[in-house]
Engineer: 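The structure is given below, and queries will be raised subsequently.
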Amino acid sequence: QKEVEQNSGPLSVPEGAIASLNCTYSDRGSQSFFWYRQYSGKSPELIMSIYSNGDKEDGRFTAQLNKASQYVSLLIRDSQPSDSATYLCAVRVDTGRRALTFGSGTRLQVQP
Amino acid sequence: DAGVTQSPTHLIKTRGQQVTLRCSPKSGHDTVSWYQQALGQGPQFIFQYYEEEERQRGNFPDRFSGHQFPNYSSELNVNALLLGDSALYLCASSLQGAGANTEAFFGQGTRLTVV
């Protein structure tokens with residue numbers, strides 16, 4: 001079982017729709033959760049971080065965390081073609097370790 | 001505010017050679033982590049440097065080594081290159097003293113091709 005799992009996609013949504021990206025993790029000690037966006041050929045760009053259960057909103061992005069279910073998601077409202085990218089979920093166990101464990105990413109395609 | 005900078009951006013090496021990649025962390029950050037990202041995969045953790053010492057290491061062979069300098073910049077060295085070492089190498093910087101809620105920011109990466 002992979003430590004962080006994501007559906008590879010592609011997830012295709014029409015422009016203006018809500019895109020929902022999901023991630024599950026196996027280490028119950030995970031305390032910090034991150035979503036990175038990566039355009040083809042570029043490096044990952046941090047878009048959201050979440051540390052406690054519930055929702056965290058930042059502009060068109062909402063991260064949701066459920067530690068009991070070991071599940072974290074990212075919602076993108078009013079999706080734009082410029083949102084088309086691979087979205088990487090990353091988790092960190094903050095017990096002296098600082099390494100991020102990444103999923104393989106979900107490719108999102110927003111159709112104009 | 002300078003972000004994370006890496007050099008070079010692209011590199012082509014021959015099997016068996018050695019390579020050194022460089023990273024300068026974001027201003028105010030003191031910790032540098034290195035990741036390897038193969039095509040179609042998520043980044044894989046190589047190691048992390050803080051206070052000029054390797055603090056944590058991922059599942060990579062000893063051919064991968066590193067260094068951190070007093071100004072917090074870092075180098076990643078890979079010896080005896082294999083074709084399988086071809087990947088995007090990413091440097092991430094963070095602030096160790098920021099507690100649990102610390103975020104890591106990536107440089108633009110170095111694309112290494114081994115032929």
Side-chain angles (χ1 to χ4, degrees), chain A residues 2-10 21 23-27 29-53 56 58 61 63 65 67 72 85-107, chain B residues 3-7 9-10 21 23 25-26 29-51 53-60 66 68 87-111 113:
Chain A
K2 289 184 180 179
E3 293 184 62
V4 180
E5 296 213 40
Q6 296 181 255
N7 188 317
S8 61
L21 304 161
C23 170
T24 58
Y25 60 93
S26 60
D27 191 335
S30 300
Q31 298 183 26
S32 305
F33 307 86
F34 306 89
W35 285 99
Y36 287 83
R37 176 176 62 199
Q38 187 172 29
Y39 293 112
S40 181
K42 303 296 185 182
S43 65
E45 173 192 8
L46 179 65
I47 54 173
M48 289 289 286
S49 59
I50 186 166
Y51 306 99
S52 55
N53 281 328
K56 178 182 177 182
D58 184 0
F61 299 98
L65 175 61
K67 290 185 179 180
V72 59
T86 295
Y87 289 79
L88 297 163
C89 172
V91 304
R92 188 177 64 210
V93 176
D94 287 312
T95 54
R97 291 173 51 190
R98 298 289 180 171
L100 295 172
T101 302
F102 284 85
S104 296
T106 297
R107 188 157 63 94
Chain B
V4 183
T5 58
Q6 291 185 245
S7 63
T9 54
H10 295 84
L21 311 181
C23 172
K26 181 179 169 66
H29 283 184
D30 57 10
T31 300
V32 172
S33 302
W34 287 92
Y35 292 81
Q36 179 195 67
Q37 186 176 25
L39 203 60
Q41 301 298 315
Q44 298 294 312
F45 175 72
I46 303 174
F47 43 54
Q48 182 185 84
Y49 278 84
Y50 170 64
E51 291 185 330
E53 290 187 12
E54 184 184 293
R55 298 292 179 165
Q56 188 185 2
R57 189 178 183 92
N59 189 25
F60 279 81
Q68 186 180 34
L88 179 66
Y89 287 84
L90 296 162
C91 167
S93 80
S94 58
L95 180 60
Q96 191 72 262
N101 296 354
T102 184
E103 297 172 339
F105 298 90
F106 285 90
Q108 78 275 30
T110 294
R111 173 73 61 187
T113 303

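Note that the structure is a prediction, hence the values are computed from the model and not measured. In what follows, chains are A, B, ... by sequence order, proteins preceding strands, each numbered from 1.
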Engineer: Restricting to salt bridge (Lys or Arg N to Asp or Glu O under 4.0 Å), what partner residues turn up for B/R111, sequence neighbours left out?
Structural biologist: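 Testing B/R111 for salt bridge (Lys or Arg N to Asp or Glu O under 4.0 Å), a comparison that skips the adjacent residues, returns none.
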Engineer: Taking A/L100's backbone N and O only, do any of them form a donor-acceptor pair with B/Y35's side chain (distance below 3.5 Å, no angle check)?
Structural biologist: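 At least one qualifying donor-acceptor pair exists.
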Engineer: Of all residues at least two apart in sequence or in a different chain, which pass the side-chain hydrogen bond (donor to acceptor under 3.5 Å, both in side chains) check with A/K67?
Structural biologist: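 Residues passing side-chain hydrogen bond (donor to acceptor under 3.5 Å, both in side chains) with A/K67: none at all.
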Engineer: Find the distance between CE (A/M48) and CD (B/E103) and round it off to the nearest 0.5 Å.
Structural biologist: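 Here the interatomic distance stands at 10.0 Å.
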Engineer: Given heavy-atom pairs under 4.5 angstrom as the criterion, report whether the side chain, backbone, both or neither of B/Q37 touches chain A.
Structural biologist: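 The side chain, not the backbone.
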Engineer: Who among A/S49, A/G41, A/P44 has the most heavy-atom pairs with chain B under 4.5 Å?
Structural biologist: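 If we count pairs closer than 4.5 Å to chain B, A/P44 comes out on top.
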Engineer: Just verifying a value: how many Å separate A/S8 OG and B/Q41 CD, rounded to the nearest 0.5 Å?
Structural biologist: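 Atom-to-atom, A/S8:OG and B/Q41:CD are 10.0 Å apart.
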Engineer: Given the options B/G40, B/A104, B/G109, which has more heavy-atom pairs under 4.5 Å with chain A than any of the others?
Structural biologist: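 Sorted descending by pairs with chain A, the first entry is B/A104.
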Engineer: Do B/F105 and A/L46 make a side-chain contact, defined as non-hydrogen atoms from C-beta onward lying under 4.5 Å apart?
Structural biologist: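 Side chain of B/F105 against side chain of A/L46, heavy atoms only: contact under 4.5 Å found.
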Engineer: Which heavy-atom pair separates B/G42 from A/L88 by the least distance, and what is that distance?
Structural biologist: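 What the structure gives for the nearest pair is CA-CD2, 4.1 Å.
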Engineer: So for A/Q6, is it side chain, backbone, both, or neither that comes closer than 4.5 Å to the heavy atoms of chain B?
Structural biologist: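 For A/Q6, there is no contact with chain B at all, as no heavy atom is under 4.5 Å.
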